[in-house]
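As structure tokens, the structure follows; a few thoughts come after it.
FYI, side chains are in, hydrogens and waters are out, and symmetry mates aren't considered; it's all heavy atoms of this structure. Order of the sequence lines sets the chain letters (A, B, ...), proteins ahead of strands, with each chain counted from 1.
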Amino acid sequence: MCLPLLRPQSSSERVTVGQAEKVAGKRSAALQTKIPVSILEGYHVNSNTPSDEYLIPLKVTWTSLGALEGGQVSYPKPEKITVGDQALSVFTGKFDLVANFKVSPKAPAGPGIASGKLGFQACNNKMCFPPKSIEFTVPYQVQ
Amino acid sequence: MSFLRTGAAVATAVLLGCFLEGCSTAPVSVKAASVKSDNDRRPAPDFALKDADGKTVHLSDYKGKVVLLDFWATWCGPCRIEIPWFEELERTRKDKGLAVLGVSMDDNGWEDVKPFLAQMKVNYRVVIGNDATASAYGGVDSLPTTFLIDKQGKIAAIHIGLDGGRKDFEDGVDALLREGSSPINAGNGSVPPAVAAAKQQ
């Protein structure tokens, strides 16, 4: 019997987060790093500003900033695609998220790690997959 | 010789006609592309899930009906494309013995689902699903995943994603509605072998 179901790849394979660049700076310095994200060809994730209130956005949540402050993320310009008659605001392919920090004025000198989660919900033109999140880290050095 | 050829041709035509159209009042052969033959169907697991009024809904409540069981979520764009198809099926086939039943897989439950149903003017019953129900139906890794369940409570077709399109659903439902009816024999909650086999492909 031939049934029309292909076992999909796991969501973590549809979306991957690369290693963020290590940042270094003195106390109170402004730092910036890129967090590389890759979406498997044929799939998309909702942008950080989805076209509909029910759609789940791509979003960075910091779980620990360590000696860093801020963490505001700049997202790339989304693409506009249409699935059925629904216009969507999405990200596809490879792109960087830019995270902006400030070193705490009282930070001890030395290395540390900030950690966060990238929340997303992936689809292709025919189906969607449950919302997931991927943990990632940003290594830093307080000089 | 000529007589034999003519006789054989007539017999072949009669047999072919019987095969295609049926020669008795017995249930007609199912011809919709997505619908499995009766031998390949497995019992659909029963469940107990709440609808918008808080009423517990069991699959076995739909004894003797054809059920279109749609796993979906408010955040699923392709699911939204199918919803008007299912509204139309509910509208045009409800009196013929079809019941459309949506199983929402939204984590936030009715908080998200109720306003969505109102916005989409959904005319069929919706319940909130859970992992146990999804697991019983083979995991439901992607949405929409829709099962066509025959009058005996067996899974006759599985649609993963926007598979086959609106016409395939209509043809499948119509084929199942034409089948003879007998009491439902809902499953005991185990993974339907047909689903498990499908998920391994």
Rounded to the nearest 0.5 Å, how far does CD of B:Q119 lie from OH of A:Y54? 4.5 Å
Let me confirm one number: the CD1-CG distance from A:I56 to B:D107, rounded to the nearest 0.5 Å. 7.5 Å
For B:P78 and A:C128, which heavy atoms make the closest approach, and how far apart are they? CD-SG, 3.4 Å
Rounded distance [0.5 Å steps], CD1 in B:I81 versus CG in A:D85: 7.0 Å
Heavy-atom contact with chain B under 4.5 Å, split by part of A:N124: backbone
Do B:T145 and A:M127 have side chains that approach each other closer than 4.5 Å (heavy atoms only, starting at C-beta)? no
Rounded distance [0.5 Å steps], SG in B:C76 versus CZ in A:F129: 9.5 Å
Under 3.5 Å: donor-acceptor pair, side chain of A:K126, backbone of B:L162: yes
Heavy-atom check, side chain of B:W75 versus side chain of A:P50, under 4.5 Å: no
